[in-house]
Structures are given as C-alpha cells and as structure tokens.
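Just so you know, these numbers use all the heavy atoms, side chains as well, and skip hydrogens, waters and symmetry mates.
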Amino acid sequence: QVQLVESGGGSVQAGGSLRLSCAASRYTYCMAWFRQAPGKEREGVARIGGNSATYADSVDDRFTISNAKNTVALQMNSLKPEDTAMYYCAAETYCRAGPLRAADFGYWGQGTQVTVSS
C-alpha cells in the first residue's frame, strides 16, 4: 500500500504559477498527475518514470513534472482558467506506454484544488 499526500494547490490569477508536490509513503517507479474539473472526466496531466516524462498535449509547454525517489512535483506556469481542477497525485510500480490513463494507476492521493481566475 502507498499513501500519497498532495500539497501546493491554491488560487491564482491567469498567467500565474503554482508548484504542486506529492509525497509518497514508499518508493514507486511511476508517478503521475491527473486532474478533474467539475462535470468532467478525470484526465491525465503528466507522468514520470525514472527520467522519462510524458505530458498531455494541452499542458506540455507550460507544465513540468519532476521526481525524487519518493516525491513528484508539478511546476505549472502560465496558468489558464481551464486549468482549474482538483489535481490528484497517482502512483504505480511501473509505467505503461501510451496515453495517460487513470486505470493504469493503483494508488491515489486525496487531491489538491487549483483555481485559476481570469
């Protein structure tokens, strides 16, 4: 079992930045960030395993994922109102290839809210 705890969410103006962090209770190779806005499906934001990172097309010019052995961070720059969502940290022992899929991850944090106002 892996416990994940997110931090760093908050409210910012459009164009601003936030850095989200997630601390895991034990090492997992693959970590990711997902987000879910009200009324929408949970969607992948970024995934990292080792030194290999994958980003959603909608964010990869603005967001950067990074990791340490038991942590993952998401640096979010040039935030837009459409980035407003609950952001969830996810982890799994291995990374699967292809698009970011919530079903690929077995461990989830409780989420941290990001609100971007115009």
Side-chain angles (χ1 to χ4, degrees):
Q1 188 175 359
V2 180
Q3 280 79 44
L4 303 172
V5 180
E6 302 99 333
S7 62
S11 298
V12 297
Q13 298 285 342
S17 297
L18 284 172
R19 182 178 174 87
L20 307 183
S21 295
C22 173
S25 61
R26 67 171 176 85
Y27 172 79
T28 54
Y29 177 78
C30 193
M31 302 189 77
W33 290 95
F34 288 76
R35 66 187 182 186
Q36 188 167 24
K40 299 188 69 176
E41 298 291 328
R42 188 168 298 189
E43 64 177 357
V45 178
R47 176 185 66 214
I48 189 165
N51 295 322
S52 180
T54 300
Y55 298 91
D57 290 342
S58 62
V59 303
D60 64 353
D61 290 337
R62 301 179 294 119
F63 292 6
T64 303
I65 191 169
S66 60
N67 61 353
K69 186 162 290 184
N70 64 338
T71 62
V72 63
L74 185 70
Q75 179 66 45
M76 305 187 295
N77 298 324
S78 301
L79 284 161
K80 304 173 181 179
E82 51 262 46
D83 295 318
T84 295
M86 185 73 72
Y87 282 70
Y88 296 92
C89 179
E92 190 50 81
T93 56
Y94 57 92
C95 283
R96 294 185 177 179
L100 291 148
R101 294 176 59 88
D104 293 342
F105 294 86
Y107 306 106
W108 292 86
Q110 295 300 308
T112 186
Q113 179 67 40
V114 171
T115 302
V116 184
S117 59
S118 60

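The closest donor-acceptor contact from the side chain of Glu6 to the backbone of Cys89 lies under 3.5 Å.
The ring-ring contact (aromatic ring centres under 6.0 Å, His included) search around Phe34 returns Phe105, Trp108, not counting sequence neighbours.
Shown here is Arg26, whose CZ atom has more than 12 heavy atoms of other residues, nucleotides or ligands within 6.0 Å.
In this structure, CE on Met31 lies 8.0 Å from CG on Asn67, to the nearest 0.5 angstrom. Distance CZ/Arg19 to OG/Ser17: 11.5 Å, rounded to 0.5 Å. Distance OH/Tyr88 to CD/Gln110: 8.0 Å, rounded to 0.5 Å. Atom CD of Gln13 is separated from atom OG1 of Thr115 by 11.5 Å, given to the nearest 0.5 angstrom. Ser78 OG to Asp83 CG: the interatomic distance, rounded to the nearest 0.5 Å, is 9.5 Å. Atom-to-atom distance recorded for Arg35:CZ and Glu82:CD is 8.0 Å, nearest 0.5 angstrom.
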*Step by step, would you call Phe63 with Leu18 a side chain to side chain contact (heavy atoms under 4.5 Å, CB included)?*
CA-CA 10 Å; Phe63 292 6; Leu18 284 172; over 6 Å; no
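Contact record, Pro99 with Arg47: O-NH1, 3.7 Å, taken as the closest heavy-atom pair. Shown here for Tyr55 and Leu100, the closest heavy-atom pair between the two residues is C-CD1, 4.3 Å. Between Gln1 and Gln3, the shortest heavy-atom contact is NE2-NE2, 2.9 Å. Taking each heavy atom of Thr28 and Val2 in turn, the nearest pair found is CG2-CG2, 3.7 Å. Ala37 approaches Ala85 most closely through the heavy-atom pair N-CB, 3.8 Å. For the residue pair Arg62 and Lys80, the shortest heavy atom distance occurs at NE-CE, 3.8 Å.
Residue Cys22 forms a side-chain contact (heavy atoms from CB on, under 4.5 Å) with just one option from Asn70, Thr71, Val5, Val72, and that option is Val72. Under the side-chain contact (heavy atoms from CB on, under 4.5 Å) test applied with Ile65, the options Val45, Val59, Ile48 reduce to a single match, Ile48.
Within the 4.5 Å cutoff, no side-chain heavy atoms of Thr93 are placed close to those of Tyr29. Counting heavy atoms from C-beta on, the side chains of Tyr107 and Glu92 come closer than 4.5 Å. A 4.5 Å side-chain heavy-atom check between Met76 and Trp33 finds every atom pair outside the cut-off.
By the rule that hydrophobic residues join a cluster once side-chain heavy atoms approach within less than 4.5 Å of another member, Val12 and Leu74 end up as members of one cluster.
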